[in-house]
Amino acid sequence: MTGQKILVPDMGDFKNVEIIEVLVEEGQRIKKNDSLITLESDKSSVEVPSTHEGIIEKINVKVGDKVNQGDLILNLKTDKISKEIKKIQNNEPENKIAKNIIKDIEKTKIAAPVVHKSSITETKSASPKVRKFARELGANVSAIPGSQRAGRVSEEDVKNYIRSQVTVNGGKVQKKIQEEEYPHEDFGNIELKEIPRVKKLSGPQLVRSWTEIPHVTQHDEIDITEMEQFRSSLYDYYSGEIVKVTPLAFITKALVSALKKFPNFNASIDTNQNKIIYKKYFHIGFAVDTPHGLMVPKIRDADQMNIKEIGEALKKTSKLCRELKIDKKEFFGGSMTISSLGGIGGTFFTPIINPPEVAILGVGKSFDRLVKIKNKFASRKILPISLSYDHRIIDGAEGARFCVYLGECLGKDFAFKLAV
Ligand code: CAO
């Protein structure tokens, strides 16, 4: 039978690479340049296009196979060949076009296809379903930052990307206009740099939160004088060594206690079913400032830890983030997040909720203040906090009660409150 073999072309660095997708089926009619398979190396993915058009007779490869240049991908029954053979079989009068086509036939019989590197589409990897989904939304998969292994793009990445590209104006969704009236270089020297990968990934999530969640931020001050005295006096009972625990460990413990009292804060909205999901676990997220960008890992089951254990978990987890050794799953499945800028400085700010959570606690740097108590002035240690919550789930009164309760947990009776 006359046919065309489609082989793996020369792809430079791509050697012994895995097939992660077969994009066509036997019996399918394909056009020249239609993508046949996707290959994935450590660095990137490429789609291998067809060099001819026709009907696929037999596919010789499957997902998971490792291939090299020259390996057979599939056998194609080319339209030109079949049409011309029919003509010749029917003894139709020869003409110039037919002669040329016969030449083509002979050429295709002996020549291996040559694919120029420029015709290989270097692409972000994504499953055919995700590609179709992106296409339907008018998005180009290669422009979407992938959160999966080796930058693979998931359906959630496509959704986040689309959300980041549109803005809601008067109830209508509009494409963002990002063009400046004058280019920046008109005003002086500039330097263009890549946005770090972590920021590329968190950007759409932040836009989603800021545009979709009606935020309310409530600021408050907590007198932590006694707690701070206790914290600085901590030492190991057996070794006698000073135990260094930052205020964040106490705040985490207080937050767990507040989440038990106010379950609306340990919740998520199920928009599909229009219901509230109440979580029975206490996994506290905390924002970590790393050279690669902001990360928000979780301290799992913080309700089952004492303050020293929480302090150790904070140190260990933030180190894993800074060394990029943290498991991706640790960024998901949280109850509520703490964003502490206490080690850096500043007082109040507006923390952005980390969806699907419904609240976030911002913590500033504690400071001394002279306070009049029983007609005497005393220096007290004050902790500024900023609580942002989703107003669809949490009312202002509940937000205020939550802050008051946190104040009690970290205030002068902290030892009693945090022990229960
Ligand atoms: N008030 C006063 N001092 C504070 C404080 C507070 N609220 N919180 C921490 N400190 C002190 C600590 O006690 C420590 O003091 P010593 O050096 O004397 O021991 C010092 O500040 C440094 O603390 P730390 O920042 O290393 O540790 P932490 O447990 O407070 O925080 C972590 C850990 C990971 C949250 C922090 O390192 C970090 O990355 N913070 C930035 C988070 C961030 O970027 N948030 C913004 C998100 S929105 O863009």
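Order of listing sets the numbers, starting from 1, for every ligand and every atom in it. Hydrogens, waters and symmetry mates play no part in the numbers below; they use all other heavy atoms, side chains included.
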Query raised in the report: Closest non-hydrogen protein atom to atom 22 (C) of ligand 1, residue and atom name please, with distance?
Result: Gly343 CA, 4.0 Å

Query raised in the report: Relative to the heavy atoms of Arg231, which atoms of ligand 1 are at a distance of less than 4.0 Å?
Result: 13 (O)

**Report entry** Ligand-side contact atoms (ligand 1) for residue partner Ser339, heavy atom cut-off under 4.0 Å
**Finding:** 45 (N), 46 (C), 47 (C), 48 (S)

Query raised in the report: Of all the non-hydrogen atoms in the protein, which one sits nearest to atom 3 (N) of ligand 1, and at what distance?
Result: Gly342 O, 3.5 Å

Requested in this report: Classify the side-chain pair Thr337/Glu357 by whether it contains a donor and acceptor separated by less than 3.5 Å.
Outcome: yes

Query - Close-contact set for ligand 1 against Ser340 heavy atoms, below 4.0 Å - result: 40 (N), 41 (C), 42 (C)

Query raised in the report: Within 45° of the six-membered ring axis of Phe331 and under 6.0 Å from that ring's centre, is NZ or CZ of Lys298 located there?
Result: no

Query raised in the report: Does a donor on one side chain sit under 3.5 Å from an acceptor on the other, for Tyr278 and Asn264?
Result: yes

**Report entry** For atom 31 (O) of ligand 1, the protein heavy atom that lies nearest, with its residue and separation
**Finding:** Leu248 CD2, 3.7 Å

**Report entry** Ion pair Glu408/Lys417, N-O distance below 4.0 Å
**Finding:** yes

Query raised in the report: Of all the atoms in ligand 1, which lie at a distance below 4.0 Å from a heavy atom belonging to Leu341?
Result: 43 (C), 44 (O), 45 (N), 46 (C)

Query - Closest approach of any protein heavy atom to atom 2 (C) of ligand 1, naming residue and atom - result: Ser366 OG, 3.2 Å

Query raised in the report: Do you know which of Gln4, Glu26, Lys58 makes side chain to side chain contact (heavy atoms under 4.5 Å, CB included) with Asn75?
Result: Lys58

Query raised in the report: Does atom 13 (O) of ligand 1 have a protein non-hydrogen atom under 4.0 Å from it?
Result: yes

Query raised in the report: Looking at ligand 1, does any of its N/O atoms fall within less than 3.5 Å of an N/O of Ile344?
Result: no

Query raised in the report: Applying a 4.0 Å heavy-atom criterion (strictly less than), which segment of Pro247 is in contact with ligand 1: side chain, backbone, both, or neither?
Result: side chain

Query raised in the report: Nearest protein heavy atom to atom 29 (O) of ligand 1, by residue and atom, and its distance?
Result: Thr246 OG1, 2.6 Å

Query - Options Arg322, Lys244, Glu228, ranked by nearest heavy atom to atom 16 (P) of ligand 1, top entry - result: Lys244

Requested in this report: Show your reasoning for whether salt bridge (charged side-chain N to carboxylate O under 4.0 Å, His left out) applies to Glu221 and Arg369.
Outcome: CA-CA 11 Å; Glu221 294 180 339; Arg369 174 186 283 158; 2.7 Å; yes

Requested in this report: Decide whether Ser268 and Lys279 meet the rule of one side-chain donor and one side-chain acceptor closer than 3.5 Å.
Outcome: yes

**Report entry** Sub-3.5 Å N/O-N/O distance, Asp289 and ligand 1
**Finding:** yes

Report summary line: Any heavy atom of Leu294 under 4.0 Å from ligand 1? The part involved is side chain

Query raised in the report: Numbering the atoms of ligand 1 from 1, which are under 4.0 Å from a heavy atom of Leu383?
Result: 7 (N)

